Structures are given as C-alpha cells and as structure tokens.
Amino acid sequence: METEIRLEGVCKYYGKKQALKDVTMTIPSGMFGLLGRNGAGKTTLMKILATLHRADVGKVSVCGVDVKNSAEIRSMTGYLPQDFSMYGNMGVYEAMDYLGTLSGLSKGERKKRIPELLEKVNLSHNYRTKVKAMSGGMRRRLGIAQAILNNPKVLIVDEPTAGLDPEERVRFRNLLCEIAEERIVILSTHIVGDVEATCENIAVLDEGSLKFAGTVEELLNMAEGRIYTAEVSRMELEKIKKDYIVTGMLTKGSMVDVRFVSEEKPFEGAKNCEPNVEDAYLYLMNEKGGETVCL
Amino acid sequence: MLISLIKKECSMWMKSIVFYAYVIILIVFYVSQLEGGELIRKPEPGGDDYGYIYSDDENIIMNGTLKDLVCDFESERDFATYPVGFYKSVTLSEGEREQLASCISRLCKMSREEWEQALVEYSAGYSVEYDELGRETVEEKVPWPIVVPSDMTYEEFEAIMEEVSDIIGPGNNYEKENLKEHAEVKMTYEQALLEYDNILYKDKVSGAYARLFCDYIGIILGLLPVFFGTARVLKDKRSQVKEVVYAKKAGTAAIVCSRYLGIVIMIFLPVLLLSFLPMSKAVFVAKTAGVKVDYLAFVKYAAGWLLPTVLFVTAFSYAITELTEGFLAILAGMVVWFTALFSSVTLQWAGWNLIPRFNSLGEYNLFLYLRPQLVANRIFYTVLALMLLGLTLTVYALKRKGVLKNGKVSENLGS
Ligand SMILES: Nc1ncnc2c1ncn2[C@@H]1O[C@H](COP(=O)(O)OP(=O)(O)OP(=O)(O)O)[C@@H](O)[C@H]1O
Ligand SMILES: [Mg+2]
C-alpha cells in the first residue's frame, strides 16, 4: 500500500500566466508544510491534489491513484479551502450533517461521527451556532472537522492558521499533528513558526517553481554558520539593513539587537548563532537566487 | 445518498425567503383569480345563451370557413399564422392575392367581380347599433351572400382549402385540422345539456375544475421557478461553498439532481396542497348533482399539465445560472414568460406554448379536441427540461474539475 503523493513535472497555466513550473516532488506521510510568498502557487498545487484543478502538464498520483480518477481521489481526501465558509444560516451540526451526506456517510455513520469530530475541534457546545455568527477561529475549526468527515488518507489544508490568535493557532497546530498520525497532512502557510513546530518535511515554492524540498533539518543546515547577531546603534542599523538580509531586531534603548544573514563574519562584534527556520527560510528566499535546492 | 440530499435541499428551502414569497404569491394569485367564481349549473330550458360549440356539420364548416376567408381577404390585413406556436403575420404579394381570390371563386362558384359586388351589397345593408348599455344589435338587410353551392362535396372543398393553406404558409387558420374552428355555432339547449352530462359523468366535475385550476396556476408557474434555480446556484457562490462541495465524494449527478428535484418538489407540493380548495368546490357541485368526483383528478391534471412547466422553467434557470453565475436567468425567464403569455392565440389553446391555456369551466368536448396538442406540447417541454438538466450536469462537472473556470463561463468562451 503506497502512502505518498507524487508529482512529476507538473505545470499549470491560468491563461498566459504560469502558476506552476515543472514541479516534481514526493510528499511522504506525516505533516508536510508548503511555504511560499503570496501568489507562489500553493493554493494551485493543493487544488490540483484535491481534483479542483487539472495540471496542464505532468503526472500526479495520490497513494498510487492518478488524480484524473477524481471520484476515487475525492473519497480519500479531505480539503479545507483557503477561504472556507458554509451556508450562513446553517447551524454547526446541520452544516456537518449536510457535508457528511455529500461525503457519502449514511445516517447512522453521521450520527456517530459528527459529535466525535465536533468534540475533537472543541465545538461540542455550539451545535446550533449559525455559521454566519461564528468567529474566524471557530469557522476554521468547523472547516477542519468537515475535512476529516470521511476519515481521509490525505488531508489538504490551505492556510488554516491565518488570522488566528496565538493560542488558537497553537491549538490548531496540535490538532493537525494529532490527525497526521496515520495519514498525509499537507499544510500551506506563510507562518514559518507553524512549520517549525509541526512539520518534518517541507517544500518552498517561489513564483511557481519548487525552490526547496526536504526536511526542516536540511533547511536549517543550509543556513548553518551564516546567521549572525550584533548589538548596533541606530545609525549602523541603517547600513546593515542595506547590506544584509535582516531576519529580526529588538530595540534596547538607543541600541538595537539585530539578527541577519551573512556568508562570512561581517564585522567585529557580530556573533555567529544557531539559525531558526525563519532565518533559514529568508536566507533561501533571498540568497539562493533561482536555483532549486532539493536534498 | 440522492434521497437524503433531496431531503436536505427541501429543508434548506423551508428556511428560505424565496420559498415563502412563492407560497404567498401562489395563494394571493389563487384567491384573486379563482376564488368565488362560477359554479357548474344544469342548463335551464328556454335560455338564450348556452355558450358556443364547434359544429361537426360539413355544410356549416364549409360556409363558416368561406365566410372567414372572404372577410380575412377583404380586410386587406396581414394573415395571422402560428408556425411554431408563436404569432407571425404574413403579407401576401399581389400574385398570391390573385391566387387566393381564384380559390374563393372556385369555392362559391362565382367570378371575383360577382362575389365582390355581392359583398358591397351586403355591407350596405349591414349595421350595428349599440344601446345605452353597450349591447350590440346587428341588423342584416341582406343575408350573407357568398356561400358554397349545394353540389360541392367536402373532399372538393378540402382540396381547395389545401391550396389556400399553401398560399398563406405554415401555421395558418385554414389548415385542415383548423377548419372546424370556423364552424362555431351557438349551443342549443340539448347540446348544452349534453355538455353538462359530459361534465358530470365523463369529467366527474373534478376534471372541469382541475382544468381551470391548471390554466391559472400555469401562468405563475411559467415564471416563479426561475427565482429558485437562480437562487440555488447563487447561494453556493455567495456563501463560498462551491469548493468545499466540489471536493466531496458525492457524484455530480447526485449533487445537481438533488438540487433540481428539491426545487421541483418545493414548488409542486404547495400547488398540490392548494388544489384542495378547488377540489372541495368540485366535491360540493358533484354532491349537489348527485355524482361522484374523481379524487385524483387534480393530481393527474397537475402532474400532466403543470409539472412539465415547472420542470422546464427550473431547468432553464438552473442551466443558465450555472453557466453565467449571475442574474441573467431571471431576465431571460421574464422574456420567455412574457412571450409565452402574450402569444397565446386564444384562451383555449396549447400549440407549442410554454403556458397552455384553457380558460373555461367545462367545455369537455373542446378539451378533447385540444388534448392531442396539449399532450405533444407537454412532452416537448419535458424533453427540453431533461436536455437542459443534461447541460447543467456537464457544466457543473467541468467546473468541478477546473476545466471550466468558476465564475462566468462566458469568460471561458472568450479566451
Ligand atoms: N483562477 C485564477 N485565474 C487566474 N490566475 C490565477 C487564478 N488563481 C490563481 N492565479 C494566479 O496564479 C498564481 C498562483 O496563485 P495561488 O493562489 O496558487 O498562490 P498562493 O501561493 O496560494 O498565494 P496566497 O499565499 O496568496 O494564497 C498567482 O499569481 C495568481 O494570481
Ligand atoms: Mg493560497
């Protein structure tokens, strides 16, 4: 039984605009993070996996099934769109019941499964809450619950943590990790911290091209020894900003603690430090130019 | 899955303002148009107006047709035709008018000069007067002079009428199957009594009321389902649920058909419930006359007569809105509705019109006469509805796979 997703030479065009450029990668089971700027092609890639778009060129298979076989793919994937919503005047339970029916669950299965799932996403006290009256976080949790109604082998969630408060985001990440125990969960995000905390494997897209694919470890290794910190004055900060990629700063009175990327030791007083994923990501996006780094 | 999806669709409509607006309009329309109204009464001997009937008498058909033809010809107006069920006026050329005049001459065995002269004399002695109540009294000093000679056989007559019909063109009033309509005569007391018996024993009273019900309700069912089809598609767009639904396991056929049937059910059920009102009237009349009604008459008439309208209009709006994702279907639906409503030839007519009319209580024989066209008409619209449903299925399947862009399909056609 194959439990991975394979993409080979996938291209996707919207009219003349090419949204994906020859993407080849393998997504193993567990949590998988998809990073990239706005418009990088994350949503496009996920929609291809969820059969909502067709790749113009290339082959995609999910657990051994070609995505052209959309009926079979749909029955084994769960999808949470970037802008998930439901009919506004439906209650939480009603919405789940409707989508459960569309997922092919019998009445008995729905009766059993929906309360379980709502419990899992912490909505068991909101059966009658109308969708239009839900906060963004609640709505996202409903979105996750509906995406796993059919107990899918593959769960595709498009920017599920955007706009959530920190506590809610952590809860959400943990929930996804729990779900990922025995399946593939693909998560797209702008928030590098989400990936750091949860994903073992990641891919980075840049303007439709695959820029990096590998483990978090490997990404960190790339930036190893290239991240420096220094305490500088405000005057000096302006110069550093011009010359280096600044990944973080903290103002301390008249001085600033600055964190930046440099290929070699830049100046006296700069201290080498352990990169975090955010450093490594910024290093990748800015230093590595057009080349693809697949490890 | 289909059944539970249909149930879900129905319960969604139960919470929709569109549905309640529909029910209210339906009831208001019924009460204003059909409530009260006439009851079927046994004709009393010695009355002078029992209504009209098409005669089967060949002589009356021949003379009635000839008279109408001469009047049509002399009025120099265009000829009204209904080639595919819709009105089209036909202007004849000089040559064609000559040919038509010669047909008239052969029908009455008079030269053109002779019958035109006779017509002038007739017109001189013809006068219409109105009294203070607006009632007209027609005075004819000379009887109608242009008649078919007694040695003309019906076959000869039919052959000449075929020529006439060819000259005017398809869908005209002088086609073989329309000739009888020129032989409208006043019913005698005996005929009226026969008609009454037909209503009691063949129609079982309920049939007569069901036809009148279908006539009126058909008018609003020609329009209102448009709002349902459009609302259902736009609801998915507005609530941004398209992609969530696309990604689910349910087949395209199950999704589209459940939505379609949900609408049809929610439109048709209130109609059936409403039919209990005229049904009770029929029961009352039947009881008074001592006959038994057919309790299923309204269901039968509504299913055969009104359901195809609902099927068609719903499929029409569903297909157009799935294609355009805008309000175009409402506009298009209104155009179709106005055209259908105002292109009815008479108030007892089907043709190929979306809204067949039968605006009278009783007239069982007339209905029998019109029934074949009504049946063909209803089958036609049902088939059309199924074709539109097929189109909707295709469009939905393509949008779901991302082959057609979501949004206006017209954008896809452009690129
Ligand atoms: N339906 C569409 N028609 C035309 N262009 C599109 C369409 N959808 C996406 N694009 C373009 O394709 C590119 C990739 O878009 P995509 O939505 O996949 O990016 P993304 O990585 O998900 O971005 P974001 O982080 O903002 O969600 C963008 O340049 C976008 O403008
Ligand atoms: Mg996106």
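Per chain, numbering begins at 1; letters A, B, ... match sequence-line order. Because the structure is predicted, anything quoted here is derived from the model rather than measured.
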A.B. asks: When rounded to the nearest 0.5 angstrom, what is the spacing between OH in A:Tyr98 and OG in B:Ser11?
C.D. replies: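 Reported value, rounded in 0.5 Å steps: 10.0 Å.
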A.B. asks: Evaluate whether atom CD of A:Gln82 has more than 12 neighbouring non-hydrogen atoms of other residues, nucleotides or ligands under 6.0 angstrom away.
C.D. replies: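 Enclosed: over 12 neighbouring heavy atoms sit under 6.0 Å from CD of A:Gln82.
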A.B. asks: Where is the tightest heavy-atom contact between A:Ser85 and B:Val241, given as atom of each residue plus distance?
C.D. replies: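 Between these two residues, the closest heavy atoms are O-CG1, 3.5 Å.
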A.B. asks: Would you indicate whether B:Phe338, at its atom CZ, is surrounded by more than 12 heavy atoms from other residues, nucleotides or ligands within a distance under 6.0 Å?
C.D. replies: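 Result for CZ/B:Phe338: open.
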A.B. asks: Looking only at non-hydrogen atoms, find the nearest pair between A:Asn89 and B:Lys15 and report the distance.
C.D. replies: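 Scanning both residues completely, I find the closest heavy atoms to be O-NZ, 3.3 Å.
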A.B. asks: For chain B, which of A:Asp97, A:Thr77, A:Asn150 has the most heavy-atom pairs under 4.5 Å?
C.D. replies: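 Ranked by contacts with chain B, first place is A:Asp97.
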A.B. asks: So, taking the atom named NZ in B:Lys8 and the one named CG in A:Leu102, what distance separates them when rounded to the nearest 0.5 Å?
C.D. replies: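 Between atom NZ of B:Lys8 and atom CG of A:Leu102 there are 9.5 Å.
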A.B. asks: Would the number of heavy atoms belonging to other residues, nucleotides or ligands and lying under 6.0 Å from CD1 of B:Ile3 be above 12?
C.D. replies: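 No - once you tally the heavy atoms of other residues, nucleotides and ligands closer than 6.0 Å, there are 12 at most.
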A.B. asks: Quick one: closest heavy-atom pair of A:Pro81 and B:Glu243, and the distance?
C.D. replies: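 That would be CB-OE1, 3.8 Å.
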A.B. asks: Which value, rounded to the nearest 0.5 Å, describes the distance between A:Thr101 atom OG1 and B:Lys249 atom NZ?
C.D. replies: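 Those atoms lie 12.0 Å apart.
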A.B. asks: Do you know which of A:Lys107, A:Glu72, A:Glu94 has the most heavy-atom pairs under 4.5 Å to chain B?
C.D. replies: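 Option with the greatest count: A:Glu94.
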A.B. asks: As an exercise: rank B:Gln240, B:Met1, B:Lys401 by heavy-atom pairs under 4.5 Å with chain A and give me the winner.
C.D. replies: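 Of B:Gln240, B:Met1, B:Lys401, B:Lys401 has the most heavy-atom pairs under 4.5 Å with chain A.
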A.B. asks: Is it the side chain or the backbone of A:Met90 that comes within 4.5 Å of chain B heavy atoms, both, or neither?
C.D. replies: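 Its backbone and side chain both get close to chain B.
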A.B. asks: Going from NZ on B:Lys248 to CG on A:Leu99, what distance comes out if it is rounded to the nearest 0.5 angstrom?
C.D. replies: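 The distance works out to 5.5 Å.
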A.B. asks: Contact part of A:Tyr79 toward chain B, heavy-atom cut-off under 4.5 Å: side chain, backbone, both or neither?
C.D. replies: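 The answer is the side chain of A:Tyr79.
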A.B. asks: Given heavy-atom pairs under 4.5 angstrom as the criterion, report whether the side chain, backbone, both or neither of A:Ser103 touches chain B.
C.D. replies: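 It is both, since atoms from each part get that close.
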A.B. asks: Would you say that more than 12 heavy atoms from the other residues, nucleotides or ligands in this model lie under 6.0 Å from the CZ of B:Phe276, or not?
C.D. replies: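 Not more than 12 within 6.0 Å, no.
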A.B. asks: For the residue pair B:Met12 and A:Tyr87, what are the closest heavy atoms and their distance?
C.D. replies: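 Between these two residues, the closest heavy atoms are CE-CE1, 3.7 Å.
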A.B. asks: In terms of heavy-atom contacts, does OH of A:Tyr14 have more than 12 from other residues, nucleotides or ligands at under 6.0 Å?
C.D. replies: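 Yes - once you tally the heavy atoms of other residues, nucleotides and ligands closer than 6.0 Å, there are more than 12.
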